[in-house]
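Only this structure's heavy atoms are used, side chains among them; waters, hydrogens and symmetry mates stay out.
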Amino acid sequence: MFVLIVGAGRVGSAVAKSALAAGHEVSVLDADPLSHERLDAGQSKTWEDAQGQFTVGTALEIDALIEAGIEHSDVFIASTGGDNTNLIIAQIAQKRFGVDKAL
């Protein structure tokens, strides 16, 4: 299963690590390139060495979502710091890209 998570804060990075450990393909999109450090923290190897994907970009930009892999996502998780942003990007995932499970 391919999981796209937008937002690599405490929640997003924890969910990303759990999903990757469970054997899923995981891509994380975040506007802050330094948030990548949360994905590496406490791990025995880097996020990319563990087969995780990280994309720097703004979730409200279609090109960033496409680069992060939304077109083949089975699950989309919006975990940014803004409730309104999360609602909008989850709707974009469902309506524009046909992602059935957008949380």
Side-chain angles (χ1 to χ4, degrees):
M1 181 178 306
F2 186 87
V3 180
L4 173 56
I5 300 170
V6 176
R10 285 190 327 257
V11 172
S13 61
V15 171
K17 289 177 187 180
S18 293
L20 193 66
H24 301 292
E25 288 183 74
V26 182
S27 176
V28 177
L29 172 66
D30 197 286
D32 181 5
L34 296 178
S35 65
H36 183 277
E37 295 173 5
R38 287 187 196 93
L39 298 169
D40 289 339
Q43 303 300 310
S44 60
K45 50 186 166 180
T46 68
W47 179 249
E48 284 77 13
D49 287 343
Q51 303 305 310
Q53 178 183 338
F54 183 78
T55 305
V56 177
T58 304
L60 292 171
E61 295 177 5
I62 299 300
D63 290 340
L65 290 169
I66 291 171
E67 184 179 345
I70 195 167
E71 293 177 310
H72 61 275
S73 293
D74 299 303
V75 176
F76 179 87
I77 300 171
S79 65
T80 72
D83 291 341
N84 291 335
T85 300
N86 290 337
L87 288 170
I88 290 168
I89 60 177
Q91 288 178 344
I92 290 170
Q94 285 183 320
K95 296 179 190 291
R96 177 150 184 191
F97 293 100
V99 179
D100 289 331
K101 296 176 184 164
L103 312 168

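Interatomic distance, Leu65 CG to Arg96 CZ, rounded to the nearest 0.5 Å: 9.0 Å. Annotation: the span from Gln91 atom CD to Asn86 atom CG amounts to 11.5 Å, rounded to 0.5 Å. Thr55 OG1 to Ile66 CD1: the interatomic distance, rounded to the nearest 0.5 Å, is 12.0 Å. Interatomic distance, CG of Leu39 versus CD of Gln53, reported as 11.5 Å (0.5 Å rounding). Rounded to the nearest 0.5 angstrom, Trp47 CH2 and Asp40 CG are separated by 9.0 Å. The distance from the CG atom of Asp83 to the CD1 atom of Ile88 is 11.0 Å, given to the nearest 0.5 Å.
The aromatic rings of His36 and Phe54 lie perpendicular to each other, with more than 60° between the two planes, well past the 30° mark.
Contact record, Leu29 with Ala68: CB-CB, 4.1 Å, taken as the closest heavy-atom pair. Across all non-hydrogen atoms, the minimal contact from Ser73 to Leu4 is OG-CB, 3.4 Å. Closest of all the heavy-atom pairs between Arg10 and Arg38 is N-CD, 4.3 Å. Here the closest heavy-atom approach between residue Gly12 and residue Ser79 is recorded as CA-OG, 3.3 Å. Annotation for Ile77 and Val15: closest pair CD1-CG1, 3.7 Å, computed over non-hydrogen atoms. The two residues Ala102 and Ala90 come nearest to each other via the heavy atoms CB-O, 3.7 Å.
Under the 4.5 Å side-chain contact rule for hydrophobic residues, Phe97 and Val3 do not share a cluster. When hydrophobic clusters are built by joining Ile, Leu, Val, Met, Phe, Trp and Tyr residues whose side-chain heavy atoms come closer than 4.5 Å, directly or via intermediates, Ile92 is grouped together with Phe2. Leu103 and Ile70 fall into different hydrophobic clusters, where Ile, Leu, Val, Met, Phe, Trp and Tyr side chains are chained together by heavy-atom contacts under 4.5 Å. Criterion: ILVMFWY side-chain heavy atoms under 4.5 Å apart, direct or through other members. Under it, Phe76 and Leu87 are not part of a common hydrophobic cluster.
Checking side-chain atoms of Thr58 against main-chain N and O of Leu60 turns up no donor-acceptor pair under 3.5 Å. Between the side chain of Asp30 and the backbone N or O of Ser35, no donor-acceptor pair lies under 3.5 Å. The backbone N or O of Gln43 sits nowhere less than 3.5 Å from a side-chain atom of Lys17 that would complete a donor-acceptor pair.
With contacts defined as side-chain heavy-atom distances shorter than 4.5 Å, the pair Thr85/Val6 does not qualify.
Atom CG of Asp49 is surrounded by more than 12 heavy atoms from other residues, nucleotides or ligands within 6.0 Å.
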